[in-house]
Amino acid sequence: MGLVLHLVAKDLRRKVRSPLGLLAALSFPILFAGMIAIAFGRGSSVPKVRMLVANEDDGLLASAVASAFTSQQAATAFDGRAVTAAEGLALMNGGKASALLTIPKGFTQDVLDGKPVTLRLLRNPSEGILPEIAEQTSGALVDVLDAGRRVFDRPIADLRPLLSASGSPANAEVVAISLAFKLTLDATGDLVFPPAIVLQSELFGNATPAARAAGEKEGESPSVVFLFVLPGVAVYGLFLVADQGMRDVMTERTQGTLRRQLAGPVRPETIILGKAVFTAVLAAGATVVLALVGAVVLTRAVSLPAFLLLSAALVLAVTGTAAVIYGLARTERLASTLANMIFLMMGFLGGGFISIEALPGVVQRIAPLTPLYWGTQGFKALLQNGAGVGGVLKPVIVLTLMGAAFLAVGAFALRRSAVRGISG
Amino acid sequence: MIHAQGLVKSYGSLRAVDGVSFDVAKGELFGLLGPNGAGKTTTMSMLSGLLAPDEGRILVDGVDLAREPLKVKAKLGVVPQEPALYESLSARENLRFWGGLYGLGGADLARAVDRVLELVGLGERAKDPIKQYSGGMKRRVNLALGLVHSPRAVLMDEPTVGIDPQARVNVLEAVKQVAAAGTTVIYTTHYLDEVEMLCDRIAIMDHGKILAEGTLDDLKSRVGGRDIVTVRGAFDAAAILPRVDTLPGVQVTAAESGRLVLSVEGSGRGAVELLGRVLADGLSIDGISIQPPSLNTLFLNLTGRELRD
């Protein structure tokens, strides 16, 4: 163990003398999250979607759709405004709205008649995420209406003549239709019917009451955008830091110092273990730095045991991943290219840059195969939901298993690669 | 001290080292002389335990390298051909690391570092990062790293390649001091003057084999009083071979198109007489060189080509 520490001390001393690569890797998540936060402002809430609704139909369902964006309930996420189609277009042209939703004339009747209807959404191309939120929300609303229309097809058909008839319907007819609605609802409600048409921000909606209370008690409002972006890019940043550590095996091979070490009374396994520990120390150090940045910016209390547990598992996972890449690649250049590609791919597929819920279904199914996903999920739970040890246990277990497996394979491959490199 | 027996190493169809055997006594400075590609570095890699021989075995102080590699490696110091240093660290930090790797620590390590810094004359620049050093200074640190743990034997693989004359003198002086202190040294080079200046015994290698081995005097005596005559020109050596071959005291060492290498008895006089006969044949001659007996002429005599070829 003394020899391993001797090797690690040497590597740390070298890294301190030439810290540029490490600093670049470490600064990436901070700069990235910082830029996003600056772009959207730092305030007590997510920037609102400036939503225009041009309702050309006076029907019941059209009003329900419009109110989804203009009601008091929606005001936390949407700055909704009812406009005419002409006004809406003028505002869009002036770049004064995120999106314009047009509900066409005859919308309610067409839905009741079972005819296909189209809601038109114009998005502001100069804005990135906000129009996307508008589209996702509108899409969800349409899905709900469409499902409701299909499920209640029979009762709606019975209801239609009553709506156009003059005078009040007979009590028996009302009871019959009500009963039909209820029976359909009972039969299918649990499966397909959502409890209500509501807008729910994932960010705030996932937060537990305890986490909310903690935030309010502190009397400060963290940058929610920072909170939203930081976990994913921070985990991505840790992979870059691990890359810096494990790449050193190749660097030492190229500059001949690995060969020289192996000519001494040192086993290859000891050298590889030294590199793994060095990489883990770098990653752990980076975690602490990122946590400190997070603590300053987010001012959010988290469970320390959960943070330590998750960090340890993540450090193991990033070290193992880097070990596999550098063990399997034959040259430093190839390994570096491969590492960048894999980390970038994991960043996108694993939800490092974009929230996993916003990604296509296929990607969402692939994401859990990446350690970055579990790291991101763990830190999101920790930061956004105020999760304790129990809340991060699943990511911790998965990351530990992945890390141990990757490290075993990587260490074996690195040993082979190291010996091959010096004897060829 | 070091016993190498029947070493063989092949890379595919290329037999880089082909049955090399030698013994080096304690405190001896043994030179491996040969051109590039002779198999010197491969032999050194096997001696330092970095490369497993396909056949043969190596004993250091009676310990088998294959069976107890760490024990043997601890007795050896290695000075690779290219400086293998940590550029961002100082010479002292490099030495402290490599000394620590061999188990030195505390005051012993500090003394050892000071000793080798003085040996290579870098005490005043010991705190500067290696990246600020000249090529020659790096070579000297490279040498010091192989000596910091006071090894029983040092393997030096062409430690003076590519350095300026002054730095070369410094390195050679340090090697002499190491050997004088009783450390066994195996020194590979393709510079004749280095082995002539340094080595107690020399083995001449080419194409993976040891062609001759002995002290400098032994090897020179093997050439006898013969000159090596090299004739170059626009002629077919094979065509005139029968006529030259019958001359008394003349041995043909190499004969190829445009180049004829002869070993001629009788020193300069014999060579001149021979030249008269060759020129009288009306050959188109571009140049003739006559070399007196030396390691180079021995190498030419053994291989038909010069060390620098």
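Listed for the Ser48(B) side chain is a donor-acceptor partner under 3.5 Å among the backbone atoms of Ser45(B).
Applying the ring-ring contact (aromatic ring centres under 6.0 Å, His included) definition to pairs two or more places apart or across chains, those involving residues 233-277 of chain A are Phe28(A)-Tyr236(A), Tyr236(A)-Phe353(A), Phe239(A)-Phe343(A). Listed by first and then second residue, the ring-ring contact (aromatic ring centres under 6.0 Å, His included) pairs involving residues 20-55 of chain B are Phe22(B)-Phe30(B) (not counting sequence neighbours).
Side-chain N/O atoms of Tyr326(A) and Asp248(A) include no donor and acceptor closer than 3.5 Å.
At a heavy-atom separation below 4.5 angstrom, chain A is approached by Asn142(B), Leu145(B), Gly146(B) within residues 137-147 of chain B.
Under the 30°/60° scheme for interplanar angles, the aromatic rings of Phe97(B) and Tyr86(B) are found to stand perpendicular.
Proximity to chain B is limited to the side chain of Glu252(A), based on heavy atoms less than 4.5 angstrom apart. Neither the backbone nor the side chain of Pro151(B) comes within contact range of chain A; no heavy atoms are under 4.5 Å apart. Of the atoms belonging to Glu87(B), not a single heavy atom falls under 4.5 Å from chain A.
The number of heavy-atom neighbours closer than 6.0 Å to CD of Gln132(B), taken from other residues, nucleotides and ligands shown, is above 12. Applying the 6.0 Å contact sphere to NZ of Lys209(B) captures no more than 12 heavy atoms from other residues, nucleotides or ligands.
Contact count versus chain A (heavy atoms, under 4.5 Å) is highest, among Ser88(B), Pro83(B), Ala52(B), Ala74(B), for Ser88(B). Taking chain B as the reference chain and counting heavy-atom pairs below 4.5 Å, the highest number among Thr251(A), Val16(A), Val266(A) is found for Val266(A).
For Arg57(B), there are no side chain to side chain donor-acceptor pair (under 3.5 Å) partners, not counting sequence neighbours.
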